[in-house]
Amino acid sequence: MNATTLRGLAGDAVGAALERAIASGRLPDAPEARSAEIEVSRPAKLEHGDVAANLALRLARPLRMAPPAIAAAIADALRELHADGAGGPISTVEVAGPGFLNLRFADDAIENVLDTARADPGSWGRAAAIAAGSPTRHVNVEFVSANPTGPLTVGNARGAFVGDLLARVLEAGGQRVTREYYFNDSGTQVRNLGASILAIREGRPIPEDGYHGEYVVELAPNLPPELAVARDAAEAEDERTWAAGRWASDRIRTGIEASLAALGVRFDVWTSEGSLTANGWVDRAIARLRDGGHLYEQDGATWFRSTAFGDDKDRVVIRSNGSLTYFAYDIGYVIEKFSRGFDHLIYIWGADHHGTVARVRNAAEAMGFDKSAVEMILTGWVHFVENGQELSMSKRAGTFIALDDLLAELGADAARWYFASRGANVNMDVDIEVAKRQSSENPVYYVQYAHARIAAILRKAAATGLTAAPSLAGSLSGAEERALALIAARLPEVVEDAAAAQETQGITTYATELATAFHAFYRDARVVDPDEPARSASRLALVDATRISLANALGLLGISAPEAM
RNA sequence: GUCCCCGUAGCUCAGUGGACAGAGCGGCUGCCUUCUAAGCAGCGGGUCGCAGGUUCAAAUCCUGCCGGGGACGCCA
């Protein structure tokens, strides 16, 4: 009961009205009524108020009363509270339809909220402004994690954006986030990469399981001299191959980091697979499972009893040849991550990894961690098509489209919007040609245009000698003003919902709605009018608040808010 | 065979328990002397895959089916 969003305050007021209705005997004192969850939502239709509560409908059965009668009792109590000055942000309440409570905000409540935004634009919409001092959880978000055996492809784009967007939304929701990239620096693929480099340098054919991409050819001439000379002993030659692989992999990883940075995606921690064994984490994880009786030997291999936790089969941790499975590294990584104090782990994985979700979560539980603290978000498939032809994304075959190339044509803003406006788990088809052709029609420009238009108005005002009013107080008398202000004031609620759902579609939908409302306002209301300085000042304040909400919504998605277009 | 995701307008997708289902793109018709027409106004477009069930209320929850994609290794 200490909400600061308009929606939250309205919910508090309805809750208080419910209590009053019970206390005064207008409603029965049933436990269901006392513990009822208050939901306020935005009605689809304008005439249904600014927000609506369905409380009366939900209480009909437990209270054995008709919904309209319950609603009327709560509405009466709310009006009494309002008369006492305790009605929260609500000015009027109506009972409508089957028993909804349709609520309307007082103009000054909306004005106050927008004044808050203008007073501190940097924190507007972020959780700190919603609930200062609330406990935060520290979340590890691991994403991309593509092996550095080749440049990022367009196939990696989704994971990069989904992970980055999620991290931004969680941070805005008040959580601490560490962005992490896990990469393989010691596996067979690294050796294959090294073998490919050496083969190219020495004029031999690239091995069948080697890497055939152009980037390998470009890397080969730069191999350090100490690795360029063939060694006599087979063992030494093998070591040279590994070293060449590690060298190439390191170069590629640097390139990946640069590619991601160009998209506005940065990482706090890069963890290598090799470090998990070198620092004993895999051993520790295995020991813990063994101590708990969750391992057994069969056919010379060591198995984790994953079925004991609901998996459909047990999983090998150590192969019969003594080598570790990928799964062994996974569980070592789990224990390593928790050792750093995270409360929650999120993995962004492709849909093809769904089969490994259960075993990792089960192992976490077996090691004594809270299973619900290990969460996998699986991204849907992105099916790239060009000229009706499906594009393969094989780094080994070298048949891929580099992420850098596509983004150079699309632009990071358009790509970000594209992924932010869709659910992470839906499959989608992307026709490369259509995507390039339509990049200029991307809805992101509609929103950015609204921002640029406001910037133009503010410039015009400055040139005209008009300035925005310091407060919006009393400026929402007109219907056009109020409609726009109501939406601009909603940003914190949108962020709250996005963080709770761990999704960003709501933010793109909101930004579009706010832009639409502004464009309509622009049509109907002249902002800069030297003949009406007082009205100009209040409209400038409103438009400035709108600009802040637009800029922050875009900023939350890592998208720029241009001053001019 | 088992498991996971998806199925909403011509296309790409929002909406996942509330009051006559939305946006963008595409199609059609209007609107620039006036703060940016990357805009605005309007028209047309829907068996929310199908069938049952739960509920005062279902695109939304449950069951079954159909269709599309994916996963089922001592690969990574």
Side-chain angles (χ1 to χ4, degrees), chain A residues 39 41 43-45 47-48 52-54 56-58 60-61 66-67 96-100 102 147 149 184 187-189 273 298-303 311-313 315-330 350-358 376 378-381 383 417-418 421-431 434-435 437-438 440-450 452-461 463-464 466 501 503 505-506 508-510 512-513 515-516 518-520 522-529 536 539-540 543 562 564-565:
Chain A
E39 286 179 15
S41 61
K45 307 212 71 164
E47 55 266 36
H48 291 151
N54 62 0
L57 291 144
R58 300 166 65 90
R61 181 176 284 267
F100 288 103
N102 290 344
N147 278 349
T149 52
N184 184 339
T188 313
Q189 299 312 321
E273 182 183 281
Q298 186 180 306
D299 303 329
T302 301
W303 299 70
D311 203 351
D312 55 356
K313 54 187 75 167
R315 309 293 173 174
V316 171
V317 180
I318 305 173
R319 299 189 188 99
S320 52
N321 68 4
S323 66
L324 297 166
T325 60
Y326 195 84
F327 174 55
Y329 287 93
D330 278 340
D352 54 334
H353 281 65
H354 109 262
T356 65
V357 170
M376 284 75 178
L378 302 179
T379 60
W381 223 240
H383 197 233
W417 184 276
Y418 191 82
S421 61
R422 288 156 172 79
N425 62 343
V426 304
N427 298 325
M428 44 196 193
D429 294 332
V430 177
D431 186 310
V434 173
R437 177 155 33 87
Q438 290 186 344
S440 63
E441 294 151 4
N442 190 299
V444 72
Y445 298 117
Y446 178 80
V447 177
Q448 290 182 318
Y449 185 63
R453 260 186 161 175
I454 294 175
I457 290 174
L458 296 177
R459 283 193 297 271
K460 173 81 174 183
T464 314
L466 292 166
E503 289 179 345
Q505 304 96 289
T508 57
T509 304
Y510 168 77
T512 304
E513 192 184 338
T516 299
F518 167 72
H519 286 310
Y522 180 89
R523 178 196 64 218
D524 296 333
R526 180 81 192 176
V527 177
V528 178
D529 184 354
S536 293
R539 283 184 174 171
L540 279 167
V543 154
M565 287 176 74

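Below, chain A is the first sequence line, B the second, and so on; all start at residue 1. What you see is a predicted model; the values in this text were computed from it and never measured.
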Interatomic distance, Tyr445(A) OH vs rA37(B) C1' [rounded to whole Å]
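The distance from OH of Tyr445(A) to C1' of rA37(B) comes to 18 Å, rounded to the nearest Å.
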Rounded to the Å, how far apart are Leu324(A) CG and rA76(B) C1'?
14 Å
Main-chain N/O of Arg319(A) paired with Ser323(A) side-chain donor or acceptor, under 3.5 Å:
no
With no hydrogens and no angle check, is any side-chain donor or acceptor of Thr379(A) less than 3.5 Å from a backbone partner on Ala424(A)?
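Judged by distance alone, no pair lies under 3.5 Å.
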If only side-chain N and O atoms of [X] are considered, is one of them under 4.0 Å from the OP1 or OP2 phosphate oxygen of [N]?
X: Tyr446(A); N: rC40(B); answer: yes
X: Gln505(A); N: rG15(B); answer: yes
X: Arg526(A); N: rU34(B); answer: no
X: Tyr329(A); N: rA76(B); answer: no
X: Tyr326(A); N: rA76(B); answer: no
X: Lys313(A); N: rC3(B); answer: no

Which part of the nucleic acid, if any, lies within contact of [X], taking any heavy atom under 4.0 Å across all strands shown: a base, the sugar-phosphate backbone alone, or nothing?
X: Gly423(A); result: sugar-phosphate
X: Ala455(A); result: nothing
X: Ser320(A); result: base
X: Asn425(A); result: sugar-phosphate
X: Ser421(A); result: sugar-phosphate
X: Phe100(A); result: base
X: Gln298(A); result: base
X: Ala60(A); result: nothing
X: Ala525(A); result: base
X: Asp529(A); result: nothing
X: Val426(A); result: sugar-phosphate
X: Ala52(A); result: base
X: Arg58(A); result: base
X: His354(A); result: base

For [N] versus [M], give the span between their [atom1] atoms, rounded off to a whole number of Å.
N: rG46(B); M: rC40(B); atom1: C1'; value: 26 Å
N: rU8(B); M: rG67(B); atom1: C1'; value: 15 Å
N: rG68(B); M: rC75(B); atom1: C1'; value: 27 Å
N: rG1(B); M: rC48(B); atom1: P; value: 29 Å
N: rG17(B); M: rU60(B); atom1: C1'; value: 6 Å
N: rC66(B); M: rC50(B); atom1: P; value: 15 Å
N: rU63(B); M: rA71(B); atom1: P; value: 25 Å
N: rU12(B); M: rC4(B); atom1: C1'; value: 24 Å

Any N or O donor-acceptor pair linking the side chain of Asn54(A) to the base of rG18(B) at under 3.5 Å?
yes
What about Asn102(A), does its side chain sit under 3.5 Å from the base of rA19(B) through a donor-acceptor pair?
yes
Taking the minimum atom-to-atom distance to the side chain of [X], which one of [options] wins?
X: Ala564(A); options: rC74(B), rA71(B), rU36(B); value: rU36(B)
X: Arg459(A); options: rU36(B), rA71(B), rU12(B); value: rU36(B)
X: Trp303(A); options: rU36(B), rC74(B), rU12(B); value: rC74(B)
X: Arg523(A); options: rA76(B), rA41(B), rG24(B); value: rA41(B)
X: Tyr418(A); options: rC40(B), rU12(B), rG15(B); value: rU12(B)
X: Arg453(A); options: rC40(B), rA37(B), rG15(B); value: rA37(B)
X: Arg319(A); options: rC35(B), rC74(B), rU12(B); value: rC74(B)
X: Leu57(A); options: rU12(B), rC74(B), rG18(B); value: rG18(B)
X: Pro443(A); options: rG69(B), rU12(B), rG24(B); value: rG24(B)

How many angstroms lie between atom CG of Asn184(A) and atom CD of Glu273(A), to the nearest 0.5 angstrom?
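One gets 4.0 Å once the value is rounded to the nearest 0.5 Å.
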Under 3.5 Å for both pairing distances: what stems, at least three Watson-Crick or G-U pairs long, include RNA chain B?
B:1-7 with B:66-72, B:10-13 with B:22-25, B:27-31 with B:39-43, B:49-53 with B:61-65
Determine, answering yes or no, if His48(A) is stacked on rA19(B) under the 5.5 Å centre rule and the 30° plane rule.
yes
rC48(B): syn or anti, per glycosidic angle within 90° of 0
anti
Between Tyr326(A) and Thr356(A), does any side-chain donor sit less than 3.5 Å from a side-chain acceptor?
no
